[in-house]
Structures are given as structure tokens and as C-alpha cells.
Amino acid sequence: MDIVNGKQDSLLKVEGLKQYFGKGKSLVKAVDDVSFEIKKGQIYGLVGESGSGKTTVGRSIIRIYDPTGGSIRFKGTEITGKLDKEKKQLITSGIQMIFQDPMASLNPSKKVFDIIAQGVDIHHLASSDAERKDMVYEMMEEVGLNPSYADRYPRQFSGGQRQRIAIARTVILKPDLIIADEPISALDVSIQAQIINLLKQLQQKYGTTILFIAHDLSMVRYLSDVVGVMNHGHIVETGDTEEVFNNPKDQYTIDLLEAIPRMNPRRTEI
Amino acid sequence: MSEDLILEIKNLSVSFKDRKKTINVIRGVDLSLIRGKTLAIVGESGSGKSVTVKSVMALNTKGAIIDSGEILYNHKNPDGTTETIDLTELSAKQIIKNINGQKIAMVFQDPLAILNPTMTIGKQITEGMRLHRKISRKDAKQEAIKLLTHVGINEPELRMKQYPHQLSGGMRQRVVIAIALSCNPDVLICDEPTTALDVTIQAKILELIKNIQRERGLSVIYITHDLGVVASVADYVAVMYAGKVIEKGTAEDVFFRPAHPYTWGLFLSVPNVDKKEDELYSIPGNPPDLSEPIKGDAFAVRNENALPIDYEEEPPIFKLSKTHYVASWLYDPKQNAKVEIPEILRKRISDMETGVGSWIL
Ligand SMILES: Nc1ncnc2c1ncn2[C@@H]1O[C@H](COP(=O)(O)OP(=O)(O)OP(=O)(O)O)[C@@H](O)[C@H]1O
Ligand SMILES: Nc1ncnc2c1ncn2[C@@H]1O[C@H](COP(=O)(O)OP(=O)(O)OP(=O)(O)O)[C@@H](O)[C@H]1O
Ligand SMILES: [Mg+2]
Ligand SMILES: [Mg+2]
């Protein structure tokens with residue numbers, strides 16, 4: 001399967017996307033003329049400055065916002081503009097987002113089991129109660145959560161455990177496109193590795209396409225086929241991952257790569 | 001010991017009551033912070049790092065019970081005398097009034113949970129300054145703008161008027177850091193302070209805190225999963241697993257002579273990007289369920305080199321050097337065990353020591 005280099009179908013094509021907030025003196029051009037394309041089965045790493053518009057790009061794609069301008073085509077269908085029932089269905093069944101602030105996205109009054117099962121119920125993915133249970137427990141194992149915690153509430157978990165609840169409830173749905181916004185930053189490196197392996201497996205087994213937003217450049221390099229670097233609302237550089245890492249062209253990309261803290265107490269001096 | 005300790009956590013145990021079950025989340029933690037130095041706490045997600053530092057400030061959620069231990073804060077008065085306060089004996093109210101912000105300030109892991117969604121950023125930064133330092137509205141505003149600039153936020157005047165949801169994740173995180181710094185604390189505790197920041201801004205924040213440390217002798221505890229950050233800021237490192245500190249020492253002790261098999265596993269999980277492995281290494285198995293009693297060494301079931309005694313008895317702390325401690329039977333002379341650091345790790349360490357290696361990129 002040549003999912004990286006082939007001329008396979010475009011799953012998501014974003015062209016000239018603009019997302020502005022506020023007006024007058026407080027106008028913020030969060031995303032300003034951003035274009036990129038993700039082929040089916042590809043993992044696209046989106047990195048860049050804090051506040052450069054990465055999360056906004058993700059939120060515009062799933063239409064939490066009404067884009068100010070530009071075009072977003074998902075599976076060939078334009079999904080900007082007014083959403084009719086069909087387009088809404090296309091988005092909710094085809095795209096899932098893992099949000100940057102896990103606590104804010106987890107319902108505090110629901111048990112973890114029900115949080116993870118929620119999408120399974122909405123999309124009728126389990127044919128029996130037993131299957132539903134199996135799916136949830138298996139998913140908990142896969143993200144490194146002890147299934148014996150299924151009856152607990154979000155506040156009873158650590159930051160990284162909550163992050164994994166958010167990952168589990170998204171991945172269990174096996175959508176065509178996952179937008180993962182900083183999915184691993186709250187996790188220890190061993191569990192980061194476990195989650196990265198899981199995302200890679202999804203890509204390989206189910207051809208899942210992933211927009212991976214992250215600050216950890218070594219993980220981005222490991223996981224992504226293609227990367228885009230954002231700064232001040234623009235994509236300043238994009239291309240094949242190895243090409244960008246080995247031969248960065250834009251000054252911001254160069255600065256970013258140089259600022260990576262080295263894991264050696266003798267080499268680093270701040 | 002003659003060391004000047006500003007904070008000492010002694011034999012701390014914390015549990016949560018969950019209807020019928022009791023979850024023993026912290027199981028006897030000993031940690032100390034030397035005045036003016038930086039301690040980094042690393043370890044498994046869910047191992048108790050946040051609960052430990054929240055105990056310092058009586059900030060654990062309802063239902064948390066301190067079963068044993070003391071948390072001593074050695075405050076230096078302006079006249080040079082030292083006053084020792086056991087923070088576990090203060091009520092949450094007393095801590096908020098007398099400790100929080102001015103003496104010990106904390107940056108939380110989840111900025112959204114701390115920031116008030118209905119209050120502007122400006123109000124949230126100036127509130128503590130005006131309360132604790134009794135300065136005018138105008139001065140507080142000036143200082144808040146300066147602080148926001150220091151933490152790398154552009155257009156601070158605009159941001160002061162905005163609400164948390166109008167900021168990006170990393171901006172919110174920096175606002176929380178600015179609030180923590182606003183009352184000139186003696187001790188700064190940062191729980192994952194830079195996870196939402198890109199590496200250039202991260203470097204800027206770490207540098208800012210280092211500068212304050214140089215100027216005012218600030219003492220710092222960092223909790224972070226980013227081992228690159230640990231390597232660049234920490235004087236001392238503590239590694240936690242399942243509610244215990246299983247290894248601690250100077251940064252050099254832990255990076256160059258890691259002793260506990262969990263520490264080995266953690267270091268091995270850092271991707272080696274020069275080679276594109278098919279799969280990243282991750283420590284097999286799951287951490288134990290802390291609502292069940294733990295027999296022996298909590299890491300034994302995940303440790304391929306576990307000794308028979310690991311399944312029977314909990315290991316005490318063994319002293320490897322004046323600064324380096326580890327809780328593992330491997331270092332009990334009576335066990336006669338052979339300590340073998342995994343080959344790949346040994347290679348990485350020797351690369352680091354000769355200065356060429358950095359593990360990452
Ligand atoms: N709902 C909103 N209202 C007003 N401004 C917003 C809103 N959401 C985002 N912004 C602004 O848009 C810009 C981009 O924010 P965004 O959250 O997309 O950044 P980001 O690249 O995800 O940053 P980070 O890495 O810090 O998470 C910021 O200036 C932010 O303040
Ligand atoms: N209110 C609570 N009730 C029950 N258990 C809790 C509660 N808060 C935390 N815990 C449990 O205590 C343990 C330690 O949590 P803590 O938040 O200290 O972990 P951590 O080391 O900070 O992890 P992370 O790196 O994921 O933030 C976890 O297993 C968590 O599930
Ligand atoms: Mg973001
Ligand atoms: Mg934590």
C-alpha cells in the first residue's frame with residue numbers, strides 16, 4: 001500500500017481559508033489565507049507558533065466557526081457556507097476532533113464508560129450491549145487506561161488520563177479524518193509512544209487520515225508524512241516531512257528546529 | 001544536613017475515598033527543595049505528581065485525605081531568622097490568605113480550569129497584585145502589561161480586555177504563568193507549564209524563570225513530561241511511579257546513571273528519530289490499580305528483570321551516592337543481583353557523555 005507517495009484521492013482540501021474574529025480595533029486575523037491538502041490515509045503534521053491559528057484551522061474544518069472566506073472540500077464536497085442536513089451528516093460522521101483542553105470537552109457528570117460509548121451510541125456502531133461493552137473496554141486498554149476505572153468521573157483522573165479518555169472516545173469511532181489537537185502533550189513519553197503507535201496503526205489498518213497538531217517536533221517527525229508550519233495565521237512552509245526537517249527553508253522553521261531542548265544536561269544551557 | 005531547604009515533604013500519604021473504595025494515590029513521598037534551586041518531577045501519567053504538589057497548597061479536590069506526613073515550609077524573614085510552618089496543619093483558608101501567591105505560587109496543569117471564563121484577563125492578573133501588594137489599579141495594570149510582554153504575549157493591551165476563550169491554548173497557559181509571577185513568590189511550582197507552547201516560546205519562558213531565579217533566588221519545582229526541558233533546567237530530578245518517588249538525584253545522576261528499571265523504560269521511550277523505527281518503544285503493561293493493595297514492588301509486573309523478592313516485599317530506598325537514591329531491590333547487596341542497563345540505553349548515555357548525543361533529532 002503506497003499511502004504516502006501515491007496519487008491517491010484528496011480527502012481534505014483547504015484553499016484560501018480565512019477565519020477572522022472581532023472587528024475594528026480588536027479584529028484578529030486568526031487564519032489568513034491558508035491552503036493545504038491531505039490525501040486519503042496521510043498524516044499531516046501541523047506545527048507552529050503558539051497563537052498562530054492551528055486550533056482555529058481545526059475548528060473551522062469541523063464548522064464550529066463559520067469561515068470568513070475560502071473553501072474547504074471534504075471527500076470532494078464543499079463544506080463551507082450554509083450547512084444542509086446532508087453536509088452536517090457528512091461532517092459529523094466523517095470527522096472527529098480531539099480537543100486541546102481535555103477537561104473542557106469532557107462532561108463532568110458522566111462516567112468515563114458512557115463518555116467513551118457516547119459516539120458509539122449516536123452512530124449505532126454496536127449491535128448489542130455486549131459488543132458495546134467490549135468495544136469500550138478494549139479501547140480503554142489501547143490507550144493505557146485501566147478498564148477498572150470505567151465507573152469513575154472525569155475529575156477523578158489525572159491530566160494525562162483525561163487526555164486519554166478524550167482520545168479513546170474519538171478513536172473508537174474510526175472516522176475518516178481525525179483532527180488531533182495536541183493529543184499527546186499531557187502524557188509521559190512512554191504513553192506518548194503508545195498513543196503514537198495507536199494512531200499509526202489506525203492509519204495502516206483502516207486508512208485513517210489524521211491532521212496532527214503538535215508542538216513536539218520529534219513526534220511530528222516520527223508520525224507525519226507531510227508537515228505544515230504556521231506563523232501568524234499563515235502556513236509559511238509545507239512539504240514532505242523529511243525534506244522540511246533536513247532542509248528547512250523558512251526562517252521561522254529554522255528557528256523552531258533550533259529551539260528544541262536537547263535531552264542532555266551537559267549540552268543545554270538556558 | 002546543613003543544606004538550606006525551603007520545602008520538605010516528609011512521608012506524605014494521600015488517599016481518595018470513592019464511595020466504598022479507598023484509593024491510595026500517594027504512598028509515602030519524601031522530597032525536598034533546596035532554596036534557590038530547581039527540582040523536576042517526572043514520571044508516569046497518573047503516578048501522583050499533581051496530587052503531591054497540590055497537597056502543598058491544600059488544593060486537592062474534596063475527598064482527598066492526608067493520611068500521614070508533613071510538608072514543611074522554611075520561610076526566611078527579612079531579619080534573617082527562619083520560621084518553619086507545617087503546611088498540612090493550615091486550613092485551606094489560611095493557605096489562601098497567607099501562603100498562596102506571595103510565598104508559594106502554583107501554575108496549574110489545566111489553565112482553563114483555573115481561569116474564570118467570565119472575567120477579563122486583565123482583571124484576573126491584577127486581582128492578586130492589588131489584594132496582596134496593595135498597589136493602585138493603574139500601577140497594577142502597568143505591571144500586568146509588562147508581565148504579559150515578558151511571557152511573550154503580543155498586543156498585551158488587547159489581551160487584557162479579552163476573555164479566556166478568545167485566547168489560544170498556549171496564550172492561556174502563559175496568562176497563568178504571569179498570574180503566578182505577579183506576586184513575587186519565594187517558591188514557584190509549575191505543573192506542566194509549557195505543554196501548550198511551541199519550543200521557541202517555551203525557551204523564552206524557561207529563560208524568564210531562570211532569570212528571576214538568578215535575581216531573587218526563586219526556588220522552583222517543575223512537573224513535566226518533556227525530558228529535554230528537564231535536562232535544560234533541573235538541578236535535581238525525582239521520578240515517580242504509582243504514588244512513590246522511585247528514584248531521585250542530581251540531573252546528572254538520573255540522566256547519566258539511571259538506576260530504576262522504570263526510569264530506563266521512560267528514557268527508552270524517547271523516540272530516536274535518526275532511525276525510523278517501525279514502532280516506538282513503550283513500557284509494556286499498565287500501572288497498578290491503586291484501589292487494590294499492592295504487594296511488593298509496584299513496577300514488578302512490568303519489569304522483565306524483576307527479582308523474586310519484588311513480588312513479595314516493597315523495596316526500601318537504597319543510597320547509591322551522597323545525592324542519588326533509588327527504591328529497587330536490585331541495589332540490595334543481599335540480593336546479589338546483576339544490574340544491567342539495556343544496551344540501547346547504555347549506548348545513548350555514552351553518546352550523551354561524550355557530548356555528541358542528544359537523543360532527539
Ligand atoms: N473564539 C475566538 N475569539 C477571538 N479570538 C480568537 C478565538 N479563537 C482564537 N482566537 C485568536 O486567534 C488566534 C489563533 O488562535 P489559535 O487558538 O488558533 O492558535 P493556536 O495556533 O492553536 O495556538 P496554541 O498553540 O497556543 O494552541 C489567537 O490570536 C487567538 O487569540
Ligand atoms: N478526586 C480524585 N478521586 C479519585 N482519584 C483521583 C482523584 N484525583 C486524582 N486521582 C487519582 O490519583 C492518581 C494521581 O493523580 P495525579 O493527578 O497526581 O497524577 P499525575 O502524576 O499528575 O499524572 P499526569 O501526568 O497525567 O498529570 C491518578 O491515578 C488519579 O486517577
Ligand atoms: Mg491551539
Ligand atoms: Mg498531573
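Letters A, B, ... mirror the listed sequences (proteins, then strands); counts begin at 1. Note that the structure is a prediction, hence the values are computed from the model and not measured.
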### Task
Quick one: do Q166(B) and S26(A) satisfy side chain to side chain contact (heavy atoms under 4.5 Å, CB included)? Show the steps, please.
CA-CA 11 Å; Q166(B) 296 175 305; S26(A) 56; over 6 Å; no

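When heavy atoms are compared at a cutoff of 4.5 Å, L158(B) approaches chain A solely by way of its side chain, counted from C-beta outward. Contacts of Q109(B) with chain A are made by side-chain atoms alone, with heavy-atom separations under 4.5 Å and no backbone atom involved. For chain B, the nearby part of Q156(A) is the side chain; its heavy atoms alone come within less than 4.5 Å. Heavy atoms of R162(A) lying under 4.5 Å from chain B belong exclusively to its side chain.
The shortest non-hydrogen separation linking L256(A) to V199(B) is O-CG2, 3.2 Å. Considering all non-hydrogen atoms of both residues, E49(A) and I201(B) come closest at CG-CD1, 4.1 Å. L290(B) approaches Y149(A) most closely through the heavy-atom pair N-OH, 4.1 Å.
Top candidate by heavy-atom pairs under 4.5 Å with chain A, chosen from R174(B), E155(B), Q162(B), E192(B), is R174(B). With chain A as partner, the option from P287(B), S50(B), P111(B), S168(B) having the largest number of non-hydrogen pairs under 4.5 angstrom is S168(B). Comparing F21(A), F157(A), Y252(A) by heavy-atom pairs within less than 4.5 Å of chain B, the highest count is held by Y252(A). Heavy-atom pairs under 4.5 Å with chain A were tallied for N154(B), V25(B), D110(B); the largest tally goes to D110(B). Listed options G152(B), A251(B), G46(B) were ranked by heavy-atom pairs under 4.5 angstrom with chain A; first place goes to G46(B). Looking only at heavy-atom pairs under 4.5 Å with chain A, the residue among V42(B), I153(B), I23(B) that has the most is I23(B). Counting heavy-atom pairs closer than 4.5 Å to chain A, the top-ranked of the candidates A234(B), G285(B), S45(B), G170(B) is S45(B). Contact count against chain B (heavy-atom pairs under 4.5 Å) is highest for G160(A) among A30(A), G160(A), A214(A). Most heavy-atom pairs under 4.5 Å with chain B: of the set R155(A), E182(A), R152(A), Q161(A), this distinction falls to R152(A).
A donor-acceptor contact shorter than 3.5 Å links the side chain of H225(B) to the backbone of A186(A). No side-chain donor-acceptor contact under 3.5 Å links S269(B) to the backbone of A193(A).
With no hydrogens or angles considered, a side-chain donor-acceptor pair links S148(A) and D289(B) at under 3.5 Å.
Within the 4.5 Å cutoff, no side-chain heavy atoms of V47(A) are placed close to those of D198(B). When side chains are defined from C-beta on, M219(A) counts as touching L280(B), because their heavy atoms get closer than 4.5 Å.
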